[in-house]
*Asks:* 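There's a structure below that I have some questions on.
When a ligand or atom number is given, it counts from 1 through the structure's own listing order. Note that the structure is a prediction, hence the values are computed from the model and not measured.
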Amino acid sequence: MTKPVLDEAIGGVYKSLHPAKMVVADLGCSSGCNTFVVMSEVLDVVGDLRRSLQERQEPPEIQFFLNDLPGNDFNHVFRCLGEYKRKVEQEKGNLLVPYYVAGVPGSFYGRLFPRRSVHFFHCSGSLNWLSQVPQGLDTERGASLNNTNIYITETSPPEVVKAYQRQFQRDLSEFLRCRYAELSYEGRLVISFGDRKSNCPT
Ligand SMILES: C[S@@+](CC[C@H](N)C(=O)[O-])C[C@H]1O[C@@H](n2cnc3c(N)ncnc32)[C@H](O)[C@@H]1O
């Protein structure tokens, strides 16, 4: 995700809504070096905007929801939070916007939050994970069309490519349907995907 796109979206939400409580959800947060990147970005952008707009009223309180599948190592995420908090407190001192963090285990291919409750969604590098193995990868007799492969390869026949495409379209539609219900008015959703430059699906 390019930083300018992310910053523009976060700033846009803050400037148009000025929420007293801003709700941010990172979908597919993982448990590694990128897990807190969106939190840092939101804290930076909102803090900088408040300074440049010379806002004197109470700062907003930010609620971060970190979502991933239940098998994600949330224990590791929560254990790293203390150190993260100390680091941002040192960096920002009393300019730090107050924030709270909670984990949300569950699939983003279903509803995760109440209706119209989230101001900003972020989802990066995660929607290439399908919700299930596509249907249609076997012949009527039960033989595998894709040999032993678990993804599209150069030897995959067109039916296999189509099956993956159909599953992706179904999943992405469901993802968007859920986020549409959960996003607050004038909220924003930023999605980033890895992509390829050629037409070859492998
Ligand atoms: C490659 S990591 C991306 C991590 C991070 N967002 C980043 O940009 O580096 C993909 C993450 O998506 C999560 N994921 C995959 N399918 C998911 C689903 N249906 N619901 C929630 N998280 C999912 C995986 O568990 C994994 O942690």
*Asks:* Does even one non-hydrogen atom of Leu27 get within less than 4.0 Å of ligand 1?
*Replies:*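 The answer is no: ligand 1 sits nowhere under 4.0 Å from a heavy atom of Leu27.
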*Asks:* Work out which heavy atom in Leu43 is nearest to a heavy atom in Ile62; give both atom names and the distance.
*Replies:*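 That would be CD2-CD1, 4.2 Å.
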*Asks:* Counting each atom of ligand 1 from 1 as listed, which ones have a heavy atom of Tyr109 under 4.0 Å away?
*Replies:*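 Near Tyr109, the atoms of ligand 1 are 19 (N).
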*Asks:* Among all protein heavy atoms, pick out the one at the shortest distance from atom 24 (C) of ligand 1; state its residue, atom name and that distance to 0.1 Å.
*Replies:*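 Going atom by atom, the protein heavy atom closest to atom 24 (C) of ligand 1 ends up being Asp68 OD1, 3.4 Å.
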*Asks:* Counting each atom of ligand 1 from 1 as listed, which ones have a heavy atom of Ser126 under 4.0 Å away?
*Replies:*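 Those atoms are 3 (C), 10 (C), 11 (C), 12 (O).
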*Asks:* Check residues 14-31 and write down every donor-acceptor pair under 3.5 Å in which the side-chain atom is one partner and the other belongs to a residue at least two apart or another chain.
*Replies:*
residue	atom	partner	partner atom	Å
Tyr14	OH	Glu55	OE1	2.7
Ser16	OG	Gly12	O	2.8
His18	ND1	Glu55	OE2	3.4
Asp26	OD1	His122	ND1	2.7

*Asks:* Which residue and atom name correspond to the protein heavy atom nearest atom 19 (N) of ligand 1, and how close is it?
*Replies:*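 Checking every protein heavy atom, the shortest distance to atom 19 (N) of ligand 1 gives Ser107 OG, 3.0 Å.
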*Asks:* Do Arg166 and Tyr164 meet the cation-pi criteria used here (NZ or CZ under 6.0 Å from the six-membered ring centre, within 45° of the axis)?
*Replies:*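 Ring-cation test returns no.
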*Asks:* Suppose I only count heavy atoms of Ser30 and a 4.0 Å limit; which atoms of ligand 1 are within that range?
*Replies:*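 Listed by number with element: 4 (C), 27 (O).
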*Asks:* How far is atom 16 (N) of ligand 1 from its nearest protein heavy atom, and which residue and atom name does that atom have?
*Replies:*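 Ranked first by proximity to atom 16 (N) of ligand 1 is Trp129 CB, 3.5 Å.
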*Asks:* Relative to each other, are the rings of Tyr84 and Phe36 parallel, tilted or perpendicular (30° and 60° limits)?
*Replies:*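 Geometry flag for Phe36 against Tyr84: tilted rings.
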*Asks:* Please tell me whether Tyr100 and Glu61 have a donor and an acceptor in their side chains that are separated by less than 3.5 angstrom.
*Replies:*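 Side chains of Tyr100 and Glu61: pair found under 3.5 Å.
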*Asks:* For Asn67, take its heavy atoms, then give the atoms of ligand 1 lying under 4.0 Å from any of them.
*Replies:*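 What qualifies from ligand 1 is 21 (C).
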*Asks:* Give me the residue, atom name and distance of the protein heavy atom closest to atom 21 (C) of ligand 1.
*Replies:*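 Protein heavy atom with the smallest distance to atom 21 (C) of ligand 1: Phe108 CD2, 3.2 Å.
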*Asks:* Show, in sequence, the C-alpha distance, side-chain angles and deciding distance for Ser144 and Asp138, and conclude whether the side-chain hydrogen bond (donor to acceptor under 3.5 Å, both in side chains) test is met.
*Replies:* CA-CA 4 Å; Ser144 168; Asp138 294 331; 4.5 Å; no
*Asks:* So Phe113 and Phe121, would you call those rings parallel, tilted or perpendicular, with 30° and 60° as cut-offs?
*Replies:*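 Ring orientation, 0 to 90° scale: tilted.
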*Asks:* Suppose we measure from atom 5 (C) of ligand 1 to each protein heavy atom; which comes out shortest, and what is that distance?
*Replies:*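 The protein heavy atom lying closest is Gly28 O, 3.6 Å.
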*Asks:* I'd like to know whether CD of Gln57 has more than 12 heavy-atom contacts from other residues, nucleotides or ligands below 6.0 angstrom.
*Replies:*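 More than 12 heavy atoms, drawn from other residues, nucleotides or ligands, come within 6.0 Å of this atom.
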*Asks:* Yes or no: does Gly106 have any heavy atom under 4.0 Å from an atom of ligand 1?
*Replies:*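 Checking ligand 1 against Gly106, which is what was asked, there is a heavy-atom contact under 4.0 Å.
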*Asks:* Please determine if Asn34 has a nitrogen or oxygen closer than 3.5 Å to a nitrogen or oxygen of ligand 1.
*Replies:*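 Yes - when backbone and side-chain N and O of Asn34 are compared with those of ligand 1, one distance drops under 3.5 Å.
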*Asks:* Please write down residue, atom name and distance for the protein heavy atom closest to atom 3 (C) of ligand 1.
*Replies:*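 So the nearest neighbour among protein heavy atoms is Ser124 O, 3.6 Å.
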*Asks:* Roughly how far apart are Ser173 OG and Tyr180 OH, rounded to 0.5 Å?
*Replies:*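 These two atoms lie 15.0 Å from each other.
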*Asks:* Considering non-hydrogen atoms of the protein only, which is the closest contact for atom 1 (C) of ligand 1, and what is the distance?
*Replies:*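 Answer for atom 1 (C) of ligand 1: Gly125 O, 3.4 Å.
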